[in-house]
Amino acid sequence: MNLFEELDTLDPSSKVVPPRIETPTPHKIAVLILLKQYVKDKSNSLDTGIAMRPQARRMFCMLMFKLVQEADMPYHELHQLLTSRPYKLETLMLESFEKAMSEFCGTASIEALFDFAEMQNIDTLHHADLGVSQFSMVGVYVRRIAVVLQRFTFAEMMHMYRNICAYYERGIRALAIGPRKPVAGGVLHRSHSPPPPPTTTAGAGGDAVTQVKKEDPTEQPNLERNSLCKWAPKQAKFFINKQSDLLDHDESHALSPKQLERKVQEIIQDLPLNTTAYFLGYMNQLRLRDYYNALSALHRALDRSPVRLMSQEKGYQYFCINLAVLHATFGHRDEALAALRESIMLAQEHGDKRSLNLANTWYCLLRNELPLSYVQRSVADISDADGNLLQNYTLALHFAVKLGTVAGYQPLRLFDLLQHSDQLTNRNNLANHASEALALRSAVWCSYGRHELSALYAQLLLSVRDRFNSNGAAGNGSALASYALWLQLQGELRLARVLLQRAREQLPRQPGAECWMISQCHVIIQSGIYRCRWHDAFKACDQLHLLDASGAMQQRAAIYVAKREFYNARRLLDKLIARPELPFLLRMRVQVLLAYCTLADGRFSSEAVTLLLRVAEDMADSQMDYELALVDMVLAQVLLMLGMPQKAYQAIKRSMVDIHINGGLYERAKTDYVFVRCLLAISALEARQTLLLKSLDILERAAQSFKKLSAHAKVLDVYVFLAQRFNEFGERELRNKYASEFRRYFTQHPIPREYLGAP
Amino acid sequence: MSMIPFFPNLKPSVANRFWFDVATDDEAQTKRYEDERRNWRESLKTAATDLQPLGKVLTMPGIETDDEDANDDSEDTDSHDEEDDETNDRVIPVAQDFYSADDIQMNDETSPTAP
């Protein structure tokens with residue numbers, strides 16, 4: 001590589017002649033020998049009339065694609081690939097390949113290589129019926145190797161031959177020494193390792209060896225990186241594209257940071273003029289959240305990238321956008337906006353529409369606003385546009401839906417936008433956007449109170465993940481978090497923990513980790529509230545505060561309410577209400593909590609009730625039926641307290657259906673309990689006893705639900721209520737039964753007196 | 001004690017392909033190399049056809065000119081060149097090749113893989 005080549009790369013528009021073709025490596029020669037065996041086999045099968053199995057032919061074609069596109073591998077790995085599923089060769093072909101290789105490197109001398117490089121030999125590979133087409137990917141691969149081999153001088157041929165022999169010998173030695181290790185091949189050169197075949201090593205000793213060898217693959221690359229394995233531009237391009245895609249969408253399936261860094265260094269060493277490799281290095285640093293290294297990697301990538309391209313000034317606008325993305329990832333909002341402003345200026349200067357689009361997108365995302373006119377274009381305008389514009393538009397639609405949900409718009413309009421976006425994604429097969437749309441739907445349903453539907457959508461997304469082929473992993477984090485919280489609310493704490501663990505494995509770092517971290521905090525807070533473990537709940541609130549300050553304050557107020565420290569709760573809620581940009585749902589809930597504070601104290605105030613009614617109106621406007629039902633339940637309790645049982649009964653009847661469909665276990669049990677109390681309150685004195693006996697199983701069920709949630713205070717409440725009522729009606733056995741249940745439960749879970757008897 | 005909505009991470013991808021889009025046409029590059037090779041091999045057939053072999057060349061009698069200098073006997077006997085130059089005889093160009101391209105093994109100085 002000389003200086004002129006380097007300059008050409010930075011300014012490719014001036015140079016007409018493309019860069020020269022890479023030297024073939026021994027791995028490539030081995031691949032060609034394999035291809036020759038296949039062609040021979042195929043011609044044999046045509047001669048003898050015994051057709052090759054279509055399955056075998058298909059797998060061989062897949063194998064060739066894999067070998068041509070992926071990085072060079074040492075001979076023993078190639079051999080392992082050929083002898084393990086799914087690319088296992090038929091025995092005859094494998095034997096003839098091994099024989100050809102050993103003849104090539106052993107018995108025949110350099111003449112073998114000369115013969116191999118002959119035009120006639122190469123032409124047999126391009127044979128019309130039996131071989132590969134000249135213009136196919138594999139055909140071009142073969143031609144490129146042939147064209148370089150033919151120009152070799154004698155010295156170069158000798159060198160090449162010696163390399164091939166060394167490559168083969170090393171491989172044979174490695175195969176002879178180690179037992180067949182399914183892991184060794186899978187880890188190094190492939191990002192998706194094929195499922196390992198059952199290990200053939202028998203005996204206890206084998207296990208120890210496998211354990212040791214498992215650590216070895218990470219050290220092996222240092223030994224394998226020699227002059228025999230080199231990255232070709234095409235292989236590098238394939239690898240970089242795949243990894244950058246994975247890093248963007250599904251980080252857990254990309255290579256681990258260390259391995260990826262090693263590969264990037266290899267590519268840079270072999271192909272120093274390849275610019276995308278530097279960018280992949282930058283992305284790797286970015287995912288590790290290493291600010292200084294990421295910044296220097298970005299600068300290095302810029303240094304290496306062409307500024308002028310195809311007689312059109314590329315300019316620095318993309319660099320500015322990438323800088324803005326870097327700052328945004330680390331949360332430096334002002335620096336990011338400043339960089340975006342600069343990039344918009346540069347993009348306008350250079351008339352680059354695409355980068356202007358991208359810069360505008362990021363600008364809107366960072367400032368959390370979106371001009372409505374942008375999303376009101378018709379579908380027809382966008383369908384002709386190129387892929388990037390389309391993706392941008394879909395993203396804008398999703399963002400508009402998110403903003404609308406947070407602001408509490410009419411859900412009908414939001415679902416219109418979602419439908420629009422679905423049309424576009426399905427027409428254009430954008431898997432990522434499709435999964436994002438599913439996650440977004442789940443969030444929208446959740447905001448408007450249809451929690452059951454939201455949980456269904458989350459489950460749908462998680463179960464069809466495989467169908468998306470890890471391209472559609474965008475919404476996974478939020479789906480996992482949402483479903484985990486839902487499971488916890490249904491009382492399945494263990495399942496919730498399993499899901500959160502899974503999310504932690506998939507998204508180990510920020511910013512993807514935010515959703516499951518928030519979910520985990522909420523899970524702990526809820527669990528703490530149910531069990532009256534205030535200290536744990538407060539600690540989780542502190543953690544939540546770093547991620548979502550308003551949500552944390554609301555939860556803290558909820559804990560105070562549960563503790564019956566209404567003064568503290570009210571103080572916090574007033575502070576929270578004064579904040580300007582609260583999401584609509586949060587604002588509603590805060591107001592309901594405020595009203596509850598006043599009413600639960602036992603002091604009735606008309607202001608509180610007016611507040612509740614006003615909130616109920618807002619909720620009805622936005623069609624938040626479930627929240628409305630919760631308000632109704634609060635009203636029912638209040639009315640019961642005030643001695644208006646009929647109105648209370650009406651209120652609770654209104655709300656029961658919604659709460660039973662969409663509510664968590666606690667809400668359902670509480671509704672049942674309030675319902676029974678209202679029922680008893682409205683009926684005549686004589687009928688009360690029979691009614692109570694009839695509703696006994698409802699109350700038992702409620703008590704069971706509370707027990708499942710470990711909501712000890714509530715369990716005790718139910719037992720106390722039952723015992724007291726039966727005492728009033730003179731049912732001594734039942735009274736004693738429930739009194740003893742109470743006593744038993746109290747001895748197991750002693751709850752301070754002050755937490756019992758909450759309305 | 002209710003569900004919190006969890007929104008997915010809405011972001012365009014970090015990698016901008018357009019920054020690095022340098023289209024490499026493998027087919028064109030390979031074809032160019034193959035054509036070069038073929039042309040070089042073809043050119044070997046007609047290599048050095050414009051050179052004269054050693055020895056006396058066959059000449060055709062040219063147009064007569066009344067030039068006194070041409071018929072003068074010069075004193076130098078080894079200056080054949082001068083005489084040849086002064087005559088108007090034309091040289092018969094050699095049209096057949098004496099060597100076939102396959103016999104020649106020439107080192108290609110413009111080897112593409114030279115370090």
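All chains are named by letter (A, B, ...) in the order of the sequence lines, taking the proteins before the strands, and each is independently numbered beginning at 1.
- Using a 4.5 Å cut-off between heavy atoms, A:Leu585 contacts chain B through its side chain alone, with no backbone atom that close.
- For chain B, the nearby part of A:Leu365 is the side chain; its heavy atoms alone come within less than 4.5 Å.
- With a 4.5 angstrom heavy-atom cutoff, A:Leu630 touches chain B only via side-chain atoms.
- Using bins of under 30°, 30° to 60° and over 60° for the plane-to-plane angle, the ring pair A:Tyr626/A:His451 lands in the perpendicular bin.
- Contact check for A:Phe152 versus A:Thr23: side-chain heavy atoms found under the 4.5 Å cut-off.
- Looking at A:Leu395, the atoms closer than 4.5 Å to chain B (heavy atoms on both sides) all sit in the side chain, from C-beta outward.
- Taking the six-membered ring where the residue is Trp, the centroids of A:Tyr316 and A:Phe319 are separated by 6.0 Å or more.
- For A:Thr361, the part lying near chain B is the side chain, with the backbone staying farther off; criterion is any non-hydrogen pair under 4.5 Å.
- Using a 4.5 Å cut-off between heavy atoms, A:Trp362 contacts chain B through its side chain alone, with no backbone atom that close.
- Only the side chain of A:Leu286 comes within contact range of chain B, with at least one heavy atom under 4.5 Å from a heavy atom of that chain.
- Chosen from A:Leu440, A:Ile525, A:Val325, the residue pairing most often with chain B at heavy-atom distances under 4.5 Å is A:Leu440.
- Contacts of A:His522 with chain B are made by side-chain atoms alone, with heavy-atom separations under 4.5 Å and no backbone atom involved.
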